[in-house]
**Student:** 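Sharing a structure, written as structure tokens. Questions coming.
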Amino acid sequence: MDVGFGRNKKEQLEPVRARVTGKIPTWLQGMLLRNGPGMHTVGETRYNHWFDGLALLHSFTIRDGEVYYRSKYLRSDTYNANVEANRIVVSEFGTMAYPDPCKNIFSKAFSYLSHTIPDFTDNCLINIMKCGEDFYATTETNYIRKINPQTLETLEKVDYRKYVAVNVATSHPHYDAAGNVLNMGTSIVDKGKTKYVIFKIPATVPEDRKKGKSPLKHTEVFCSIPSRSLLSPSYYHSFGFTENYIIFLEQPFKLDILKMATAYIRGVTWASCLAFHREDKTYIHIVDQRTRKPMPTKFYTDPMVVFHHVNAYEEDGCLLFDVVAYEDSSLYQLFYLANLNQDFEEHSRLTSVPVLRRFAVPLHAAQDAEVGSNLIKLTSTTARALKEKDNQVYCQPELLYEGLELPRINYAHNGKRYRYVFAAEVQWSPIPTKRQSCATMWWTPRIKGNRPTQCLPSRISPSQAERVELKLGRLIFFVKILFVEHLLYPRDNAKCCAVTCP
């Protein structure tokens, strides 16, 4: 197990041609950029959590039926400081870095004070964001790093706080039809309030202000939602989006700000300040993009933890959104390296299984509807929204599929009705990227009229890839120990093939 999750990965600085099994269609040209953790040991020190590892950028250049792969560590301030000191000196969410025991008392005191109101890491290891003509590696702090997509060189460090008052932000922004970026972040105890901020970065800079200006300088607050708790805001990893609405789940997976401020002194990690409150509800906030205001109806559902929204769309006066949901926060605990390297099967049995759930929310709640009545009249889903007293609506999801994660859709269908989800099948195996057990799948509803009657998973292994032609086809990338958040989605009539990289 240590081979898979604990070993540092080598950079592939020069492009190397990958082995292609099958045939890549001639129309597929371009570059796929990904990132993820790559280094978990620095000198004699080691990160505690797999998600803490130093970011390793990957690029797959596809042209003329060939794929060329390269990788390079993000030269963040965090990376540079750690490598220079030959030890972990910048704290990550699951790993607290403490001063060198040889440092004097004043240096140690400064370290303690600086962690009370921490300056978070710029180890941007989660996603790649396109902003205007630029590309940025992102994480869940207030920092993003501009990169050169051709060479994977690390460029400017950007602090969201210069443009919008957020302490943390998601790594899964959305893009509207004009190419504008919409993202969310949390503003913690700013002017006595904690709120969730939706902000918009324009795709282009106005002509009269274009010279030397980045679109980031024109970031605007789109809407804000007050947190239900001043000192315990909800953790969230993504949000939903349609042409007219934004969906935000305020889930009972919360960050205790007071505990976080004293974590360093108490000798615990920031991650230990996150807790799942199973006695609480999950509140569903719907923001109307036309008015830039949340809907007044109070929608809620049972306690759950969602990392990934899949897609959302509007249908006959209802808003439907699909998420991958867990019953608790045990997934995060599973990925501590100690759990991955020892008794993985035992720990995985205690981890809740991700379930693809579909929720339906009425956009025009009937005021005269009886308490207890179902406000969803659609025939395309069994999801329900039950009216309660005091302008509240309890939402019961339709369970679509059990055991998938890291969802991806054809983004041309984002915010619209869609049929396919491309995702990784979740099987708690000691080596999830081992070739014979690395199965991918998609979800395909059979349609009878407007009603999906069955969800059909399709699976394929690398050994089968060259022999199977699927209805839509897909490219499957196999990189040793690469485990990133998104898969590549296919185009119609594409043959299935596998790409194996060093």
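On a predicted model such as this, the values are computed, not experimentally measured, just so you know. Just so you know, residue 1 is the first one in the sequence shown, and it goes up from there.
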**Student:** Between I409 and F422, what is the shortest heavy-atom contact and its length?
**Tutor:** CA-CD1, 4.4 Å
**Student:** Can you give me the closest heavy-atom contact between H237 and E140, atom names plus distance?
**Tutor:** ND1-OE2, 2.5 Å
**Student:** Salt-bridge test for D280 and K254: reply yes if a basic N is under 4.0 Å from a carboxylate O, no otherwise.
**Tutor:**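 Counted as a salt bridge, because a side-chain N and a carboxylate O are separated by less than 4.0 Å.
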**Student:** Taking the six-membered ring for Trp, are F321 and F359 ring centroids under 6.0 Å apart?
**Tutor:**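 Yes - the distance between ring centres of F321 and F359 falls below the 6.0 Å cut-off.
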**Student:** Does the ring center of Y143 lie less than 6.0 Å from the ring center of Y160?
**Tutor:**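 Ring centres of Y160 and Y143 not closer than 6.0 Å.
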**Student:** When the aromatic ring centroids of Y332 and H49 are compared, is their separation below 6.0 Å?
**Tutor:** yes
**Student:** Answer yes or no: does atom CD of Q29 have more than 12 heavy-atom neighbours from other residues, nucleotides or ligands under 6.0 Å?
**Tutor:** yes
**Student:** Can you confirm whether K416 is buried at NZ, in the sense that more than 12 heavy atoms of other residues, nucleotides or ligands lie under 6.0 Å from that atom?
**Tutor:**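 For K416, atom NZ is not crowded (no more than 12 foreign heavy atoms under 6.0 Å).
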**Student:** Using atom types as modelled and distance alone, determine if a side-chain donor or acceptor of N142 lies under 3.5 Å from a backbone N or O of R161.
**Tutor:** no
**Student:** With the side chain counted from C-beta on, respond yes when T282 and P252 share a heavy-atom pair under 4.5 Å apart, and no when they do not.
**Tutor:** yes
**Student:** Please confirm whether the backbone N or O of Y300 pairs with a side-chain atom of K281, one donor and one acceptor, at under 3.5 Å?
**Tutor:** no
**Student:** Closest heavy-atom contact between P149 and M31?
**Tutor:**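 Heavy-atom minimum between the residues: O-SD, 3.1 Å.
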**Student:** Around atom NZ of K377, are there more than 12 heavy atoms from other residues, nucleotides or ligands closer than 6.0 Å?
**Tutor:**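 Atom NZ in K377 is crowded, with more than 12 foreign heavy atoms closer than 6.0 Å.
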**Student:** Would you check if there is a donor-acceptor pair between the side chains of N311 and D322 at a distance under 3.5 Å?
**Tutor:**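 No - no donor-acceptor pair under 3.5 Å links their side chains.
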**Student:** Could you name each residue pair satisfying salt bridge (charged side-chain N to carboxylate O under 4.0 Å, His left out) that touches residues 123-139, not counting sequence neighbours?
**Tutor:**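 For residues 123-139: D134-K146.
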**Student:** Do T154 side-chain atoms and L74 backbone N/O form a donor-acceptor pair below 3.5 Å?
**Tutor:** no
**Student:** Hey, is the main chain of N48 close enough, under 3.5 Å, to the side chain of T95 for a donor-acceptor pair?
**Tutor:**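 Looks like yes, one N/O pair under 3.5 Å.
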**Student:** Counting only heavy atoms not in Q396 (residues, nucleotides, ligands), do more than 12 fall under 6.0 Å from its CD?
**Tutor:**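 Correct, the count exceeds 12.
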**Student:** If you take all heavy atoms of P215 and P202, which pair is closest and at what distance?
**Tutor:**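 Result for this residue pair: CB-O, 3.1 Å.
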**Student:** Using the side-chain contact (heavy atoms from CB on, under 4.5 Å) criterion, which residues pair with S234? Sequence neighbours excluded.
**Tutor:** Y196, E250, Q251
**Student:** For the side chain of N374 and the backbone of L386, is there at least one donor-acceptor N/O pair under 3.5 Å apart?
**Tutor:** no
**Student:** Any side-chain heavy atom of V305 within less than 4.5 Å of one from D328?
**Tutor:**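 In short, these two side chains do not touch, never coming nearer than 4.5 Å.
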**Student:** Taking all atoms of both residues into account, what is the closest heavy-atom pair of R358 and Y313, and its distance?
**Tutor:**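 Heavy-atom minimum between the residues: NH1-OH, 3.3 Å.
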**Student:** Write down the atom of P233, the atom of L231, and the distance for their closest heavy-atom approach.
**Tutor:** CD-C, 3.6 Å
**Student:** Can a donor-acceptor pair be found between the side chains of Y401 and R357 at a distance below 3.5 Å?
**Tutor:** no
**Student:** For N183 and T170, which I'm curious about, is there any donor-acceptor pair between the side chains at under 3.5 Å?
**Tutor:**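 Short answer, yes.
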**Student:** Counting distance only, does the side-chain N/O of D122 pair as donor-acceptor with the main-chain N or O of R145 below 3.5 Å?
**Tutor:** no
**Student:** Pairing donors with acceptors under 3.5 angstrom, does anything connect the side chains of Y411 and H174?
**Tutor:**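 Yes - a donor-acceptor pair under 3.5 Å links their side chains.
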**Student:** Give a yes or no on whether the ring-centroid distance for F51 and F335 is below 6.0 angstrom.
**Tutor:** yes
**Student:** With a 3.5 Å distance limit and no angle check, can you tell me whether N167 reaches the backbone of I188 through a side-chain donor-acceptor pair?
**Tutor:** yes
**Student:** Donor-acceptor pair, T186 side chain versus V168 backbone, under 3.5 Å?
**Tutor:**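 No; judged by distance alone, with no hydrogens or angles, the pair does not exist.
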